[in-house]
Amino acid sequence: MPELPEVEVTRLSFADRIAGAQILAVRLGKPLRWPLHGDPEALTGRCVLGVRRRGKYLLVDLDQGLLLLHLGMSGSLSFSLHPTEPGKHDHFDLRTSQGVLRLNDPRRFGAVVLVSGEEDAVAQKLLGKLGMEPLDAGFDPLRFRQGLLQRKAPIKQVLLAGDVVVGVGNIYASEVLFLAGIRPTTPAMRLSRPRVKKLHQAICDVLARAVKRGGSTLQNFSNADGEAGHFQLDAMVYGRGGMECKVCATPIRAIRQGQRTTFFCAKCQKT
DNA sequence: AAAAGCCCCTGGATGC
DNA sequence: TGCATCCAGGGGCTTT
């Protein structure tokens with residue numbers, strides 16, 4: 001479910017309210033993608049300093065240690081004072097003095113990992129190879145192009161891989177390439193400077209706009225308050241296989257790239 | 001080093 | 001209504 005905008009909207013919806021809270025107890029449901037790594041009992045008594053984001057990971061800073069959260073494909077967080085009884089897909093509760101942070105994740109591709117800090121070997125394994133943050137000032141067209149020039153793989157797959165730029169998931173990858181007029185199969189290294197600049201612009205615009213609107217609600221995204229996003233991502237190509245391109249009426253094509261579906265318009269996206 | 005496949009898991013939609 | 005099949009927003013790991 002969550003690409004960068006959804007993760008960021010989730011963060012914004014509870015970061016201020018959980019900051020300063022003391023952890024009272026932890027409840028674990030079914031196993032998630034990885035074990036917690038640390039002792040859940042040891043979390044009790046620690047304090048939450050704040051919540052940051054790196055790519056699609058949320059980093060919950062503690063006065064001692066760091067909690068890494070990932071929502072996987074189907075995860076969502078809620079933060080509430082009086083939570084309901086845990087449901088069958090509620091697999092992690094962090095009970096604090098200021099509310100309960102709960103991870104609901106039917107498919108359990110998500111994760112909660114307790115590490116000592118960002119330099120921790122386990123944390124490095126997960127965060128160490130992440131690319132540039134698309135909403136940060138450090139993400140500029142020149143550095144972006146430098147990253148792409150090393151890669152012969154199709155641009156769509158390079159975007160998804162997240163080692164050049166993070167946060168662009170399967171939906172936004174198709175959308176962003178459509179806006180930039182770039183064919184998803186084009187080798188990343190073959191993109192000219194002006195086309196990389198256009199792609200850079202599209203990534204910045206689309207992601208920033210989605211965060212501002214509260215995340216897309218393509219299916220059922222909701223933030224940690226349980227509010228649905230206000231932004232019906234009105235997709236130009238994603239999920240529109242066989243339908244007419246909104247610009248030129250050519251049928252949108254759906255192809256398979258690395259076990260994921262890509263959508264594009266063969267006329268608007270030449271190479 | 002980079003690229004291509006595999007796999008983790010559940011649920012909803014579709015087709016017979 | 002029941003059952004099989006396919007597909008889904010991610011990404012680490014193993015193999016080429």
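All chains are named by letter (A, B, ...) in the order of the sequence lines, taking the proteins before the strands, and each is independently numbered beginning at 1.
Note on A/M236: it does not cluster hydrophobically with A/L160, by side-chain heavy-atom contacts below 4.5 Å among ILVMFWY residues.
With distances taken from any side-chain atom of A/K152 to the nucleotides B/dA3, C/dG10, B/dT10, the minimum falls on B/dA3. Closest contact between the side chain of A/R256 and the listed nucleotides B/dA2, C/dA8, C/dG10 involves C/dA8. The side chain of A/R107 approaches C/dA8 more closely than any other nucleotide in the set C/dA8, B/dA4, C/dG12. Here C/dC13 is the nucleotide among C/dG10, C/dC13, C/dG12 with the atom lying nearest to any side-chain atom of A/K125. Side-chain atoms of A/Y238 lie closest to C/dA8 of the nucleotides B/dC6, C/dA8, B/dA4. Taking the side chain of A/L160 as heavy atoms from C-beta on, and the options C/dG10, B/dA3, B/dA2, the nearest nucleotide is C/dG10. Here the side chain of A/F109 is nearest to one of B/dC9, B/dA4, B/dC6, namely B/dC9.
Stem analysis of DNA chain C (Watson-Crick or G-U pairs, both distances under 3.5 Å, runs of at least three) returns B:2-8 with C:10-16, B:10-16 with C:2-8.
A/R256 and A/T261 are linked by a side-chain donor-acceptor pair at a separation below 3.5 angstrom, with hydrogens and angles left out of the test.
Near DNA chain B, meaning a heavy atom under 4.0 Å away, there are no residues from residues 110-119 of chain A.
Within the nucleic acid shown, A/G169 comes within 4.0 Å of sugar-phosphate atoms alone, with no base atom in reach, counting heavy atoms only. Base contact: A/R260 has a heavy atom under 4.0 Å from a base atom. A/K30 comes within contact range of the sugar-phosphate backbone alone, with a heavy-atom separation under 4.0 Å but no base atom that close. At a threshold of 4.0 angstrom between heavy atoms, the contacts of A/R33 include nucleobase atoms, whether or not backbone atoms are also involved.
Going from the C1' atom of B/dA3 to that of C/dG9 covers 23 Å, rounded to whole Å.
At a threshold of 4.0 Å, the pair A/E133-A/R54 counts as salt-bridged, since one of the basic side-chain nitrogens sits closer than that to a carboxylate oxygen.
One finds no side-chain N or O of A/K56 lying less than 4.0 angstrom from the OP1 or OP2 phosphate oxygen of C/dG9.
The neighbour count for A/K246 NZ, taken as heavy atoms of other residues, nucleotides or ligands under 6.0 Å away, is above 12.
Per the geometry, CG belonging to A/N170 stands 11 Å off P belonging to C/dG11, to the nearest Å.
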